[in-house]
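Written below as structure tokens is the structure these notes are about.
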Amino acid sequence: QVQLVESGGGLVQPGGSLRLSCEAFGLDDYAIGWFRQAPGKEHEAVSCISRYTGSTWYADSMKGRFTISRDNAKNTVYLQIDSLRPEDTAVYYCAAERLSCSSGSFYAMEYWGRGTQVTVSS
């Protein structure tokens with residue numbers, strides 16, 4: 001059974017940090033990407049990590065505040081977010097595409113999780 005489960009979101013103050021997790025079931029040959037969607041906006045690609053090479057991709061707009069990593073033994077991909085800003089408020093989704101990342105293409109992703117809410121506010 002294929003499943004993606006995000007966790008780690010919550011309410012944080014500006015300048016704080018979060019580490020989001022994406023546990024993937026039945027997707028061991030897939031690359032995992034992170035997307036986010038703010039209210040009223042389209043999905044925005046954040047980052048992606050390939051399955052076997054471990055190569056990573058980041059959207060330019062993230063400016064080094066986002067770090068993606070994975071633990072294949074745990075079937076889990078992480079997204080570390082530092083120096084959080086109010087504009088980072090969104091639902092963060094992980095999604096899967098086979099083997100390698102395609103530079104954050106929404107249409108390349110075959111499976112999606114339900115998302116985890118990140119709210120940055122004082």
Any [X] side-chain heavy atom under 4.5 Å of [Y] side chain:
X      : Y      : result
Ser7   : Thr116 : no
Tyr111 : Leu27  : yes
Tyr93  : Gln37  : yes
Tyr107 : Met109 : no
Tyr52  : Asp29  : yes
Arg65  : Arg85  : yes
Leu79  : Tyr92  : yes

Considering all heavy atoms, the nearest [X]-[Y] contact:
X     : Y      : result
Ala45 : Ala59  : O-CB, 3.4 Å
Glu6  : Gly115 : OE1-N, 2.9 Å
Met62 : Glu44  : CE-OE2, 3.9 Å

> For the rings on Phe35 and Trp112, is their centre-to-centre separation under 6.0 Å?
Replying inline: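 Ring-ring flag for Phe35/Trp112: true, centres closer than 6.0 Å.
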> Going only through I, L, V, M, F, W and Y residues with side-chain contacts under 4.5 Å, is there a path from Val12 to Leu20?
Replying inline: yes
Just checking, is any N or O donor in the side chain of [X] or [Y] under 3.5 Å from an acceptor N or O on the other one?
X     : Y      : answer
Tyr78 : Asp71  : no
Glu97 : Ser102 : yes
Ser21 : Thr76  : no

> What is the distance from atom OG of Ser17 to atom CG of Asp82, rounded to the nearest 0.5 Å?
Replying inline: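 With rounding to 0.5 Å, OG (Ser17) is 4.0 Å from CG (Asp82).
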> Taking atom OG of Ser122 and atom CG of Leu11, what is their separation to the nearest 0.5 Å?
Replying inline: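 These two atoms lie 9.5 Å from each other.
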> Any sub-3.5 Å donor-acceptor pair from Thr89's side-chain atoms to Thr119's backbone N or O?
Replying inline: no
> Relative to the ring of Phe106, is the ring of His43 parallel (under 30°), tilted (30 to 60°) or perpendicular (over 60°)?
Replying inline: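 It falls in the tilted class, 30° to 60°.
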> For Tyr30, is the NZ or CZ atom of Arg51 found under 6.0 angstrom from the centre of its six-membered ring and inside 45 degrees of the ring axis?
Replying inline: no
>> For a side-chain contact (heavy atoms from CB on, under 4.5 Å) check, start with the C-alpha distance between Cys22 and Trp34, then their side-chain angles and the critical distance, and finish with the verdict.
In response: CA-CA 9 Å; Cys22 173; Trp34 285 95; 3.5 Å; yes
